[in-house]
Amino acid sequence: MAISLRNLSVDYSLSQGTAHALRGVSLDIQKGELLGLVGESGSGKSTVAFALMGLLANNAKVTSGTATIDGKSFDLTKRNATAALRGRGMAMIFQDPMLSLNPVFTIGTQLCEVLRRRAPNGDRKTRVAMAEDALDKVKLSNPRRRMNQYPHELSGGMRQRVVIAMALLSEPALLIADEPTTALDVTVEAQIMREIISLRDRIGCAVLLITHSLGLVTEYCDKLSVLYAGERLESGTVREVQRQPGHPYTRMLFDCEVPIDRERHADASENRFTVISGDLPDPRRRPPGCIFNGRCDVSFDECATINPDDYPVGNDAGHSARCLRLRAS
Amino acid sequence: MTDAISISNAQLRFGETAALDGVSLAIPQGTCFGIVGESGSGKTTLMRAVLGLQKLDQGEIRILGNPLVHSRAALKQRASFIQPIFQDPAASLSPRSRIRTLMNEVGTVLREPHAAMHERLRVILDRLGLPPGVIDKYPHEISGGQARRVAIARALLMKPSILIADEPTAGLDVSVQGDLLNLLQDIRRSDSITLVVISHNLAIVRLIAENAVVMRAGKVVEGGEVGSLFKSPREAYTRELLAAWPGVTQSGVSG
């Protein structure tokens, strides 16, 4: 069952006016697929997750958007549209695992709670056994002891494993992971990503990985969507996008990544780093034309007036980008 | 030439944990030195010890050949040649005072006339790409990238010969982190500063440092010239760190 998000637009009302955080964002994730949603700060990537989960702040308003999850459609402009899916059809892993864990309950209580919500009639013994099994599956050492521990007794990586175990127990159709490894060390990051992937393999859910790290996406994801200033500029398979970026912003983002095997100048002080100059446009007043126009290195006159459609890139049907240079010639 | 910083057998315990467990290293003047390692490896504790903000249980630290002395006068004197840029720039800026107040402190410490100090500040701000008006702002009115530049401007205003940067790019977007690194590279070249970069970002340290050490649980696991350290690491832990690095590899782009 595919997950699809259509034409999502979200406004935030601020004291200085209305910020249009997302404008017409659409995403498609197939069952068992890992989609990486990349964007820099202010691109609105977390707003996508919060709009899907129905966790937006009070000053946010969804002005358009429909989500189709497990064959059912949800009108996201309605408050609490997806409430029925939270903890059943959808699960979320936050950057800070403490946002998902209650500090005053033991790990065991919180895991059993997930099961109780799914199957209110089951008995306690089965739940405890299932919870322990889940902790074991996410490779948390000594699951029986962990069940009686409180979140503060665990390290950051261990807490994130507990949250993944919770997601595992709720068997969601869609798992949203919002910067799940940003606060963790590289070796722990690799372990957590492996656990997310094995969870996906085990229950066959769709995964939306929200991150600012292209490295993480190219290493672990199947598909990639690039968000910039609230608009989706490109999407396609990781392989195709990396091989032939359709949008200049995507190309520039890849150029800014520092590969671990980049050629190194013998005189270290000669090594330079790539930068995307300029600033994000004001989210309250979208300039006409292409949203990336002001910072683009290959823009031309029309880019300032025409807002580009989504054009196909190369021969791959699933690869498209919003750049006027891709107009069929 | 004497080393900018030399540390021999630094030991420090916080209760049960050994934060520094026999660390020895030497940082030659005018070079960039990288300290990499995961959280809890002792990178930041080592920096604090070098700045004289943290006393060692045992061992010796020499800065430009002179042993580190813990006294207020020595701390103040040291500030004129060794300067930190802390991990969280916002934490080194007082939320209640304008940036101008912070900069004026530098003049007080250096006993430099106000006008002369502000003339130097104007040049530094311009070089860091900060608008002159930034000094009249409060820390909450500027962006994270700007706050980091302000912290660098303050450090440079002290005319240090050694600059220690703790995670200089943490929390910055890839599109702006390059800007900051290029800036550090420029400063190094024009002012022949000794730069110490503490980071968990192996790819960056590999490119800007001449020498580096890998730390784990308060120990130096491995160290040496960066090229060979990263190309053929001798220790299993260094290899593990490199293998875990997620990344857009050059080979990945071409294939």
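Protein chains get the first letters and strands the later ones, always in sequence-line order, with residue 1 at the start of each. All values below come from the heavy atoms of this structure, side chains included, with hydrogens, waters and symmetry mates left out.
- Around CG of A/N142, the count of heavy atoms belonging to other residues, nucleotides or ligands within 6.0 Å exceeds 12.
- Under a 3.5 Å cut-off, the side chain of B/D173 and the backbone N or O of A/E40 do not form any donor-acceptor pair.
- Ranked by heavy-atom pairs shorter than 4.5 Å toward chain A, the options B/A243, B/C32, B/A209 are led by B/A209.
- For chain B, the nearby part of A/T274 is the backbone; its heavy atoms alone come within less than 4.5 Å.
- In this structure, OG on B/S175 lies 12.5 Å from CG on A/D255, to the nearest 0.5 angstrom.
- For B/L180, no part sits under 4.5 Å from any heavy atom of chain A, backbone or side chain.
- Considering OG of B/S41 and CG of A/D185, their distance stands at 8.0 Å, rounded to 0.5 Å.
- Counting non-hydrogen atoms of other residues, nucleotides and ligands closer than 6.0 Å to CG of B/D191 gives a total above 12.
- Heavy-atom pairs under 4.5 Å with chain B were tallied for A/T182, A/L216, A/L214, A/V258; the largest tally goes to A/V258.
- Considering only heavy-atom pairs separated by less than 4.5 Å from chain A, the leading option among B/E240, B/R206, B/R188 is B/R206.
- Applying the 6.0 Å contact sphere to CZ of B/R234 captures no more than 12 heavy atoms from other residues, nucleotides or ligands.
- Although no hydrogens or angles enter the test, the distance criterion places a donor-acceptor pair under 3.5 Å between the side chain of B/N182 and the main chain of A/F273.
- Taken to the nearest 0.5 Å, the CD1 atom of A/I260 stands 5.5 Å off from the CG atom of B/L242.
- Closest approach of B/P246 to A/E189, counting heavy atoms only: CG-OE1, 3.1 Å.
- Between A/D261 and B/K231 there is no salt bridge, since no side-chain nitrogen of the basic residue lies less than 4.0 Å from a carboxylate oxygen of the acidic one.
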Checklist entry - Where do B/E38 and A/V186 land on the side chain to side chain contact (heavy atoms under 4.5 Å, CB included) test, with the steps shown first? => result CA-CA 8 Å; B/E38 300 192 296; A/V186 277; 3.8 Å; yes

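- Chain B forms more heavy-atom pairs under 4.5 Å with one residue of A/A266, A/G42, A/C256, A/A190 than with any other, namely A/C256.
- Looking at every heavy atom in both residues, B/I208 comes nearest to A/A268 through O-CB, 3.5 Å.
- Residues B/L207 and A/N271 approach most closely at O-ND2, 2.6 Å, considering heavy atoms.
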